[in-house]
**Student:** 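First the structure, which I've put down as structure tokens, then a few questions once you've had a look.
If you read the sequence from its start, that first residue is 1, and numbering goes on from there.
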Amino acid sequence: MKNIFKLTLALCASAMVFTSCIKETFPMNDTATSDQVNSSATALEALTNAIPASMVQGYLVYGEQEWEFDMSYPGMMIIMDSALGDIVDSGDTGYDWFSYWSSNLYNLGVNSATAYVPWRTFYLLIKGTNDVINIVDPETATDAQKVLLGQALSCRAFLYHALASLYEYIPATDPGVVASYKPEGDITGLTVPIVSDTTSLATSKANPRVTKEAIYKFIMDDLDLAENCLSGYAPKGGILPTLPVVYGLKAKMYMELSDWGNAATYARKGIDAFGGSPLTQAQWEDPVNGFNNYAANSNSWMWYLSYSAETMGNLCNFVAHMSTEETWTSYGWAVGRGVPKSLYEQIPDTDFRKHSWIDPEGMDYYAYKMNRNVFDEEEKKVVGPYANLKFRPAGGDYATYKVGGCSQVPLMRVEELMLIEAEALAMNGDIAGGKAALTNLIKTRNPEYSCENIATATGVQKEVFKQKRIEFWGEGICLFDAKRLAAGVHNGYKGTNAQSGYRFNCDGVAPWWTWMIPQTEINGNPVLDGFNNPDPTKTVTEWTE
């Protein structure tokens, strides 16, 4: 057992030395071989469990306190919703580490940490999945080993989907985008290099960006094998993917490919296999367990991440930035991340999700359920209008980071599959079916909801996107849809609650939705030289009244 433990430490450490997307040799030491790991359920399971542990590791890239957005996948979630323009600061923007992506004024260029951290984060996490996939032969694996392989494949597919979407170059169509926003070469439709468990060192040094078609074939191949590996695995949800999650991921991929029939089919398969139900108002607004506790929300949460007090810092965790109730730092309550006024005003008062953000009338509007009184002037940690009360400190503990910061964060909820099904049915020609699916979900949020006035498939699609922005605010889901739909950013308007420096309007695909490959990667993989995405910094002029 001592040798297995030593090997596990070596494997976990190896994930921290991933350079320039290079697939490293499986790390062996004097005490173990790959055959030994493959034959040891304990070691292989530990290696697989290291994947979700890495996905919440603070300072994953730099390994020290340097950039507070360097917080693995939850950091990417906040970055994506900030880039979308759906996170609007109600308070002190000086504490907002994610303002680089919500303001078009800061450096997002090739030599910046804002380019380096996301790229390296994703490929570090992919390295962890490759380590598992590399040593499990599906032809000879036991049932237990197949489960671990299926989970690793699912995670890899999830991560490559994010990379494919975030780095695919789509030319700007808004005439207000500066003329200099254009690439050096023809890169339209190119995504990222694929680094798999079989990628050699030589290949990794000459590994070009692949097309959207190529990367989605790779993703779907992973998911096909994952589906096979997890077909007899009984759990419905958890910290690692299960069969319903695989179905959900397939539905998302088919959406990206505009394969509406398969998207609807797999969304329904995921819903049925999961057998869950949407969150209730009581669950949603629970100040102790609301959006921080899988066990309390397992009817809805299909896949989640979990923080540990032993490995979590006080500043580099999801709650520290997203909760307005926490008081151990100024990144949460002082910034007061909230919703755009324009979106908030589209939510009917009869929809309980509107209580996720503070109305300008405060407690006169609604008796908000709180762990601390965020309206208390004497406490001097007051939160302003439109700030969120959606994300709670774990256990309701807003003062102790090793308790309140140890939250759990959803990656997939059954509600997402329900909304995918609604859009896919409508876009596949069944407008009535799409509207019915949409109504079935939203009536659980707003009993008075009706979409009977929508007459077209694209009308349903737009309504689904609006509902996703409300439903999944802060969960890092909607930027993928926004880029797929070329939905634009529109935070500059009379009466906006976006502060100066954040008031941008851009139709189509906003330039900062397409991220740059860092120079360090180009140095290590020279075939990328001349094929980078253009620098999105200062490409749109800020709106002024």
**Student:** Consider side-chain hydrogen bond (donor to acceptor under 3.5 Å, both in side chains). Of Lys252, Gln461, Lys468, which one does Asp481 pass it with?
**Tutor:** Lys468
**Student:** Against Asp535, only a single residue in Thr539, Asn533, Thr537 fulfils side-chain hydrogen bond (donor to acceptor under 3.5 Å, both in side chains); can you say which?
**Tutor:**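 Answer to the side-chain hydrogen bond (donor to acceptor under 3.5 Å, both in side chains) test with Asp535 among Thr539, Asn533, Thr537: Thr537.
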**Student:** With sequence neighbours excluded, what pairs up with His490 under the ring-ring contact (aromatic ring centres under 6.0 Å, His included) test?
**Tutor:**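 ring-ring contact (aromatic ring centres under 6.0 Å, His included) list for His490, sorted by chain: empty.
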**Student:** What class does the angle between the rings of Tyr169 and Tyr181 fall in, given that below 30° is parallel, 30 to 60° is tilted and above 60° is perpendicular?
**Tutor:**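 Taking Tyr181 first and then Tyr169, their aromatic rings sit tilted (interplane angle of 30° to 60°).
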**Student:** Kindly give the heavy-atom pair with the smallest separation between Glu68 and Cys316, and that separation in Å.
**Tutor:**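 Shortest heavy-atom contact: O-SG, 4.0 Å.
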**Student:** For the residue pair Trp328 and Tyr401, does the interplanar ring angle fall in the parallel (under 30°), tilted (30 to 60°) or perpendicular (over 60°) class?
**Tutor:**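 Plane angle between 30° and 60°, so tilted.
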**Student:** Can you list the residues that meet the salt bridge (Lys or Arg N to Asp or Glu O under 4.0 Å) rule with Lys466, with sequence neighbours excluded?
**Tutor:**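 If we apply the salt bridge (Lys or Arg N to Asp or Glu O under 4.0 Å) test to Lys466, skipping adjacent residues, the hits are Glu463.
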**Student:** Listing request: all salt bridge (Lys or Arg N to Asp or Glu O under 4.0 Å) pairs with a residue in residues 487-516, at least two apart in sequence or in separate chains.
**Tutor:** none
**Student:** With sequence neighbours left out, write down each residue that passes side chain to side chain contact (heavy atoms under 4.5 Å, CB included) with Ile239, or none if nothing qualifies.
**Tutor:** Pro52, Tyr304, Ser306
**Student:** Residues in side chain to side chain contact (heavy atoms under 4.5 Å, CB included) with Asn111, at least two apart?
**Tutor:** Gln519
**Student:** Taking the six-membered ring for Trp, are Tyr368 and Phe375 parallel (under 30°), tilted (30 to 60°) or perpendicular (over 60°)?
**Tutor:** tilted
**Student:** Counting only N and O atoms by type, is there a donor-acceptor contact under 3.5 Å from the side chain of Lys341 to the main-chain atoms of Tyr386?
**Tutor:** no
**Student:** Taking C-beta and beyond as the side chain, do Tyr167 and Pro118 meet within less than 4.5 Å on heavy atoms?
**Tutor:**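 Tyr167 reaches Pro118 side chain to side chain.
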**Student:** Can you name the residues that form a ring-ring contact (aromatic ring centres under 6.0 Å, His included) with Phe480, not counting sequence neighbours?
**Tutor:** His161
**Student:** Answer yes when Glu415 and Arg413 have at least one side-chain N-carboxylate O distance shorter than 4.0 Å, and no when they do not.
**Tutor:**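 A salt bridge is present here (some side-chain N lies under 4.0 Å from a carboxylate O).
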**Student:** Could you check whether any side-chain heavy atom of Val540 comes within less than 4.5 Å of a side-chain heavy atom of Asp174, counting everything from C-beta outward?
**Tutor:** no
**Student:** Heavy-atom count around Lys182 NZ within 6.0 Å, excluding the residue itself: above 12?
**Tutor:**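 No, because the 6.0 Å sphere around NZ of Lys182 holds 12 heavy atoms or fewer from other groups.
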**Student:** Measure the acute angle between the ring planes of Trp473 and Trp357, then classify it against the limits of 30° and 60° as parallel, tilted or perpendicular.
**Tutor:** perpendicular
**Student:** Would you please indicate yes or no on a ring centroid separation below 6.0 angstrom for Tyr62 and Tyr116?
**Tutor:**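 Aromatic pair counts; centres sit under 6.0 Å.
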**Student:** Check whether any side-chain N or O of Lys212 sits under 3.5 Å from a backbone N or O of Glu168 as a donor-acceptor pair, and report yes or no.
**Tutor:**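 Absent.
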**Student:** Among all residues two or more places apart in sequence or in another chain, which pass the side chain to side chain contact (heavy atoms under 4.5 Å, CB included) test with Ser258?
**Tutor:** Trp260
**Student:** Write out all pairs satisfying salt bridge (Lys or Arg N to Asp or Glu O under 4.0 Å) with one or both partners inside residues 84-102, taking only residues at least two apart or from two chains.
**Tutor:**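 Salt bridge (Lys or Arg N to Asp or Glu O under 4.0 Å) check on residues 84-102 returns Asp86-Arg469, Asp96-Arg337.
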**Student:** Between Asp397 and Ala399, what is the shortest heavy-atom contact and its length?
**Tutor:** OD1-N, 3.1 Å
**Student:** Report yes if the distance between the aromatic ring centroids of Trp333 and Tyr398 is under 6.0 Å, otherwise no.
**Tutor:**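 No - the distance between ring centres of Trp333 and Tyr398 does not fall below the 6.0 Å cut-off.
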**Student:** What's the shortest heavy-atom distance between Ala455 and Ile431, and which atoms?
**Tutor:**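 Heavy atoms only, the tightest pair is O-CD1, 3.9 Å.
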**Student:** For the residue pair Asn299 and Gln283, confirm or rule out a side-chain donor-acceptor distance under 3.5 Å.
**Tutor:** yes
**Student:** Taking atom types as modelled, find out whether Asp349 and Tyr365 have a side-chain donor-acceptor pair closer than 3.5 angstrom.
**Tutor:**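 Judged by distance alone, the side chains do pair up.
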**Student:** Who are the ring-ring contact (aromatic ring centres under 6.0 Å, His included) partners of Phe122, not counting sequence neighbours?
**Tutor:**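 With neighbours one apart ignored, the set is empty.
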**Student:** Name all residues meeting the side chain to side chain contact (heavy atoms under 4.5 Å, CB included) criterion together with Ser298; count only those two or more places apart in sequence or in a different chain, and write none if there are none.
**Tutor:** Tyr294
**Student:** Apply side-chain hydrogen bond (donor to acceptor under 3.5 Å, both in side chains) to residues Thr496 and Asn491 and explain how you reach the verdict.
**Tutor:** CA-CA 7 Å; Thr496 181; Asn491 276 346; 5.4 Å; no
**Student:** The criterion is ring-ring contact (aromatic ring centres under 6.0 Å, His included); which residues satisfy it with Phe318, sequence neighbours excluded?
**Tutor:** Phe391
**Student:** On the 0 to 90° scale, with breaks at 30° and 60°, tag the Tyr266-Tyr247 ring pair as parallel, tilted or perpendicular.
**Tutor:**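 Taking Tyr247 first and then Tyr266, their aromatic rings sit tilted (interplane angle of 30° to 60°).
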**Student:** Going through the checks in order, is the ring pair (Phe, Tyr, Trp, His ring centres under 6.0 Å) test met by Phe291 and Trp284?
**Tutor:** CA-CA 7 Å; Phe291 280 95; Trp284 191 287; 4.9 Å; yes
**Student:** Could you tell me whether Lys462 atom NZ has more than 12 heavy atoms of other residues or ligands within 6.0 Å of it?
**Tutor:**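 Check fails, neighbour count at 12 or below.
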**Student:** Do Thr329 and Tyr95 have side-chain heavy atoms sitting under 4.5 Å apart?
**Tutor:** no
**Student:** If a pair satisfies salt bridge (Lys or Arg N to Asp or Glu O under 4.0 Å) and one of its residues is in residues 320-334, list it, with sequence neighbours excluded.
**Tutor:** Glu325-Arg392
**Student:** Can you confirm whether Glu545 is buried at CD, in the sense that more than 12 heavy atoms of other residues, nucleotides or ligands lie under 6.0 Å from that atom?
**Tutor:**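 Atom CD in Glu545 is packed in, count exceeds 12.
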**Student:** So, Asn505 and Tyr493: side-chain donor and acceptor under 3.5 Å apart, yes or no?
**Tutor:** no
